[in-house]
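Values in this document were obtained by computation on a predicted structure and should not be read as measured data.
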Amino acid sequence: MSIHSVNRSHTHLAWDNSIPPVIRIQSGETVSFSCLDASNGQITKDSTSAAITSLVFSQLDQVNGPVYVQGASPGDTLQVDVITVETADWGWTGLIPGFGLLSDEFPEPALKIWKLEKEGGYAWFDEERGIKIPLRPFAGEMGVAPGTNGAFSTIPPYRTGGNLDTRQLSAGATLFLPVEVEGALFSIGDGHAAQGDGEVCGTAIETPMEVTVRLTVRKDRPYTKTPHFKTFRPNITNDDHYCTTGVDSDIREATRSAVRNMIEYMSVEYQMERVDAYMLCSVAGDLRMHEVVDMPNYVIGMMLPQSLLRGPSGRSR
């Protein structure tokens with residue numbers, strides 16, 4: 001079976017069905033992509049927070065492709081089997097002014113550069129405290145071209161995929177996307193080494209990546225109207241978790257409150273700087289919808305593994 005490749009120069013910055021494909025493949029064939037990080041190379045392992053201030057936003061979140069899959073027609077489903085995801089040996093997490101769930105409370109730019117211990121499968125968040133983040137790399141962006149004509153930003157997600165930022169789409173997962181144009185026109189990008197559910201500060205551990213997927217046309221899934229996926233959810237650590245909640249009649253405000261309360265908890269109990277706590281929530285904390293039926297209020301939780309909650313001397317509670 002043929003294996004095709006898409007390199008770092010084969011990128012685009014909008015979902016647009018008029019963009020010509022860089023390659024054409026048969027259904028069931030495999031494609032390897034070489035992708036820069038979401039900053040499109042504007043941030044490097046030597047960058048400081050000044051790089052956040054100078055980011056050219058029109059160049060962010062590029063995707064590699066598009067790939068034309070023979071036989072894909074509107075109404076079909078494109079099955080995307082994620083075979084391998086390989087990160088670089090470094091990554092970054094940033095606070096970008098005006099972006100993120102609590103952007104109004106964190107107006108200053110900040111940048112954390114990570115060294116990724118790929119053989120060990122972790123990255124140190126704070127070595128003195130003994131806090132390390134397990135690596136589970138995935139592509140934040142996977143999608144196909146929309147049927148509607150025009151250019152659509154790569155920043156939001158759509159019913160045809162895009163910036164899904166779903167950490168369960170790691171190697172071994174299968175994503176199903178609704179096809180709206182001939183050939184599907186699949187693209188991928190936005191490498192993440194680790195992320196919590198919600199990516200609350202706006203960035204994960206962003207990293208360049210090499211990713212390989214198998215693209216297969218499915219004619220038997222007329223119910224695929226939005227992205228569906230299947231994945232394996234291992235519980236490696238069986239770790240205890242600590243959860244803060246937000247309760248509000250507005251689901252977004254409940255979510256903001258849950259994250260804000262976790263930041264305050266870590267600041268008080270573990271003397272963690274608020275910026276660091278916000279980043280930790282983004283790369284390792286998971287948002288959960290605990291209650292959505294007892295109106296008028298929703299209950300949203302922010303959960304963190306207890307093993308990541310450590311004070312300056314490395315002590316836990």
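Taking CG of Leu135 as the reference point, atom OG of Ser170 lies at 12.0 Å (rounded to 0.5 Å). Atom CG of Asn64 sits about 8.5 Å away from atom CD1 of Ile188, to the nearest 0.5 Å. Atom CG in Leu309 sits 6.5 Å away from atom CE in Met262 (nearest 0.5 Å). Distance CD/Glu253 to CZ/Arg260: 7.0 Å, rounded to 0.5 Å.
The aromatic rings of Phe186 and Phe33 stand perpendicular to each other, their planes meeting at an angle above 60°, with 30° marking the opposite boundary.
The environment of CZ in Arg221 is crowded: more than 12 heavy-atom neighbours from other residues, nucleotides or ligands sit within 6.0 Å. Heavy atoms from other residues, nucleotides or ligands lying under 6.0 Å from CZ of Phe99 number 12 at most.
Counting heavy atoms from C-beta on, the side chains of Tyr223 and Lys225 never come closer than 4.5 Å. A 4.5 Å side-chain heavy-atom check between Ile133 and Tyr122 finds every atom pair outside the cut-off. For the pair Asp197/Met302, no side-chain contact is recorded, criterion being any heavy-atom separation below 4.5 Å from C-beta on.
Cation-pi check for Arg218 over Phe176 is not met; the charged atom does not lie both under 6.0 angstrom from the ring centroid and within 45 degrees of its normal. Cation-pi geometry between Arg167 and Phe138 is not satisfied (NZ or CZ under 6.0 Å from the ring centre, within 45° of the ring normal).
The existence of a salt bridge linking Asp104 and Arg256 is confirmed by a sub-4.0 Å separation between a basic side-chain nitrogen and an acidic carboxylate oxygen.
Without hydrogens or angle criteria, Lys118 side chain to Asp89 main chain gives no donor-acceptor distance under 3.5 Å.
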